[in-house]
Amino acid sequence: MRHVAIIGAGIAGPATALALRKAGIDATVYEAYPTPADGIGGTLALAPNGMAALEIIGTADAVKSVAQPSSRMVMTVASRKRMRLPALSDVGPLFVVRRTDLYRTLHDEAVRQGITIEYGKRLVGVEHTAAVFDDGSRAEFDVLVGADGIHSTVRRLIDPNAPGPEWTGMLGLEGLSHHTVPEDPQTMVFSYGRRAYYLYWQSPGGGTAWGANLPYHRPLTLLQAREISTEEWMRKLGDAYGDDVPGADLIRRTPPASLQVMGALYIMPSVPRWYGDRMVLVGDAAHAPSNSSGQGASLSIESAIQLARCLRDIEDVPQAFATYERLRRARVEKVAARASKINHSKTPGPVAQTLMPILMPLMAKTVMNPERTMGPEQRYRIQWDAPATRDPLLVV
């Protein structure tokens with residue numbers, strides 16, 4: 001194989017390019033926007049399986065240096081019931097990292113290894129084995145990888161009838177409050193407030209970082225969300241969380257300048273076709289579970305590595321794509337199904353609010369059992385040095 005064109009320079013794009021470089025395959029990354037994506041996006045968590053994937057492409061240590069470990073999780077309901085969530089003891093912590101820091105780490109390593117990233121290249125079509133961009137330029141390829149996110153152009157080129165992203169009914173917002181919660185620095189608290197869900201954790205630099213999944217009457221793009229004044233968003237947040245502890249103090253003591261608005265939160269339904277001709281999807285373009293999963297970025301990096309591994313080991317491109325999908329689809333869709341159940345509980349009504357504190361101990365022993373849920377997800381490891389053709393069908 002001579003050359004791979006990767007569409008999208010977010011998280012999955014550079015990760016795919018790095019994995020391909022490790023596999024001995026040349027790749028160029030094409031990004032629609034004119035500049036790198038510094039400062040874009042909120043905070044995400046990398047699970048132990050995601051960190052193991054980053055080890056393969058040589059970026060785990062760099063990511064850890066800009067991330068915060070989180071080894072304990074607590075759930076609260078309507079400020080009344082508090083329960084420490086069961087966790088796996090043998091896989092290591094989650095790492096909480098700003099998306100912009102993860103992006104910069106992957107981008108810088110790709111550049112260091114000599115991978116070309118071209119900006120201002122918005123894909124508009126494909127003609128035979130050439131990608132066509134909106135500036136009239138073209139790029140020849142042997143394989144074209146769609147790492148272009150939930151609004152993927154490559155997904156529509158593969159299948160014009162492919163489903164698009166589904167809005168969760170919530171917007172994403174984050175802030176850094178001067179209010180300090182009495183929590184261990186490695187504890188993350190998931191709080192089901194009276195009107196909306198939020199989470200918070202101590203910030204290493206002082207204060208408390210928080211993220212809100214704010215119910216809203218319509219989806220907003222990042223641009224639309226930022227057209228609304230910070231003062232108005234702070235008022236809406238106060239209305240949503242003003243009856244909660246510590247939600248009220250977190251919002252009240254958040255400097256407006258620290259507020260980040262990310263716009264609508266989406267998930268991807270099952271995508272029927274991951275590949276066609278010499279085009280294939282990776283990352284959020286193929287699978288974007290709810291942020292409730294804690295696995296979105298980790299799954300994207302895993303898929304990037306498995307795709308590179310299949311292209312390394314299988315000369316026939318359609319067969320390489322088929323093997324890649326066989327190794328990935330069941331796993332990512334199982335994670336998405338679990339996250340969907342959590343997502344539906346983020347805005348519990350009055351009856352659910354009453355029942356949740358009673359049901360929490362039972363939930364901890366059943367649906368939250370870490371061996372049944374997080375165990376298969378977080379213990380997953382890609383055997384990079386083994387031929388992809390020898391992998392069993394993985395469904396965890």
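Side-chain atoms are counted along with the backbone in the values below, which use heavy atoms only and exclude waters and symmetry mates. None of the values given here were measured: they were computed from a predicted structure.
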Arg21, CZ atom: more than 12 neighbouring heavy atoms under 6.0 Å:
yes
Between Met268 and Pro163 the two heavy atoms that sit nearest each other are CE-O, 3.7 Å
Assess the residue pair Leu265 and Leu171 against the criterion (side-chain contact (heavy atoms from CB on, under 4.5 Å)); give the C-alpha distance rounded to whole Å, side-chain angles, the decisive distance to 0.1 Å, and a yes or no.
CA-CA 5 Å; Leu265 299 174; Leu171 307 180; 5.8 Å; no
Looking at Arg331 and Glu377, is any side-chain nitrogen of the basic one under 4.0 Å from a carboxylate oxygen of the acidic one?
no
Polar contact flag, side-chain donor to acceptor under 3.5 angstrom, Gln186-Ser70
no
Less than 4.0 Å between a side-chain N and a carboxylate O, is that true for Arg195 and Asp244?
no
Distance from Leu259 atom CG to Leu237 atom CG, nearest 0.5 Å?
6.5 Å
How about CG on Asp313, more than 12 heavy atoms from neighbouring residues, nucleotides or ligands closer than 6.0 Å, or not?
yes
Please list, chain by chain and in numerical order, all residues satisfying side chain to side chain donor-acceptor pair (under 3.5 Å) with Thr180, sequence neighbours excluded.
none
Carboxylate-amine/guanidinium contact Asp249 Arg253, below 4.0 Å
no
Could you list the residues that satisfy ring pair (Phe, Tyr, Trp, His ring centres under 6.0 Å) with Tyr241, not counting sequence neighbours?
Tyr198
Does one side chain, of Thr116 or Thr28, offer a donor that lies under 3.5 Å from an acceptor on the other?
no
For Phe133, does the six-membered ring have the charged nitrogen or CZ of Arg138 within the cation-pi criterion, i.e. under 6.0 angstrom from the centroid and within 45° of the normal?
no
Under the rule for side chain to side chain donor-acceptor pair (under 3.5 Å), what residues qualify as partners of Asn49, not counting sequence neighbours?
Gln295, Glu302
Counting N and O atoms only, with roles assigned by atom type, does the side chain of Arg338 sit under 3.5 Å from a partner on the main chain of Ser293, one being a donor and the other an acceptor?
yes
Considering only heavy atoms from C-beta outward, does the side chain of Phe190 approach that of Leu85 to under 4.5 Å?
yes
Minimum heavy-atom separation for Ile115 and Ala27, please, with both atom names.
CG2-O, 3.9 Å
May I have the step-by-step check of side-chain contact (heavy atoms from CB on, under 4.5 Å) for Met73 and Thr187, ending in yes or no?
CA-CA 6 Å; Met73 295 179 288; Thr187 295; over 6 Å; no
Could you work out, with salt bridge (Lys or Arg N to Asp or Glu O under 4.0 Å) as the rule, every residue matching Asp239, not counting sequence neighbours?
Arg235
Taking the six-membered ring of Trp274, is the NZ or CZ of Arg328 close enough (under 6.0 Å from the centre) and on axis enough (within 45°)?
no
Could you give me the CA-CA distance, side-chain angles and deciding distance for Val4 and Thr16, then say whether side-chain contact (heavy atoms from CB on, under 4.5 Å) is met?
CA-CA 10 Å; Val4 175; Thr16 303; 5.8 Å; no
Between Arg2 and Asp142, does at least one N-O distance fall below 4.0 Å, as a salt bridge requires?
yes
With the 4.5 Å side-chain cut-off for hydrophobic clustering, are Leu88 and Met188 part of the same group?
yes
So, does Glu31 use its side chain to make a donor-acceptor pair with the main chain of Ile117 at under 3.5 Å?
no
Go through the steps to decide whether His287 and Ser303 satisfy the test side-chain hydrogen bond (donor to acceptor under 3.5 Å, both in side chains), and finish with yes or no.
CA-CA 10 Å; His287 49 76; Ser303 289; 2.9 Å; yes
Is the distance between the ring centroids of Tyr197 and Trp210 less than 6.0 Å?
no
Under 3.5 Å donor-acceptor pairs involving side-chain atoms of residues 119-126, not counting sequence neighbours:
{"unit_1": "Tyr119", "atom_1": "OH", "unit_2": "His107", "atom_2": "NE2", "d": "2.9"}
{"unit_1": "Lys121", "atom_1": "NZ", "unit_2": "Asp135", "atom_2": "OD2", "d": "2.9"}
{"unit_1": "Lys121", "atom_1": "NZ", "unit_2": "Ser137", "atom_2": "OG", "d": "2.8"}

Ignoring hydrogens and geometry beyond distance, is a side-chain donor-acceptor pair present between Glu140 and Thr129 at under 3.5 Å?
yes
Any chance you could lay out the side-chain hydrogen bond (donor to acceptor under 3.5 Å, both in side chains) test for Glu333 and Ser270, step after step, and finish with the verdict?
CA-CA 7 Å; Glu333 293 191 349; Ser270 179; 2.6 Å; yes
Set of side chain to side chain donor-acceptor pair (under 3.5 Å) partners for Gln113, sequence neighbours left out
Glu109
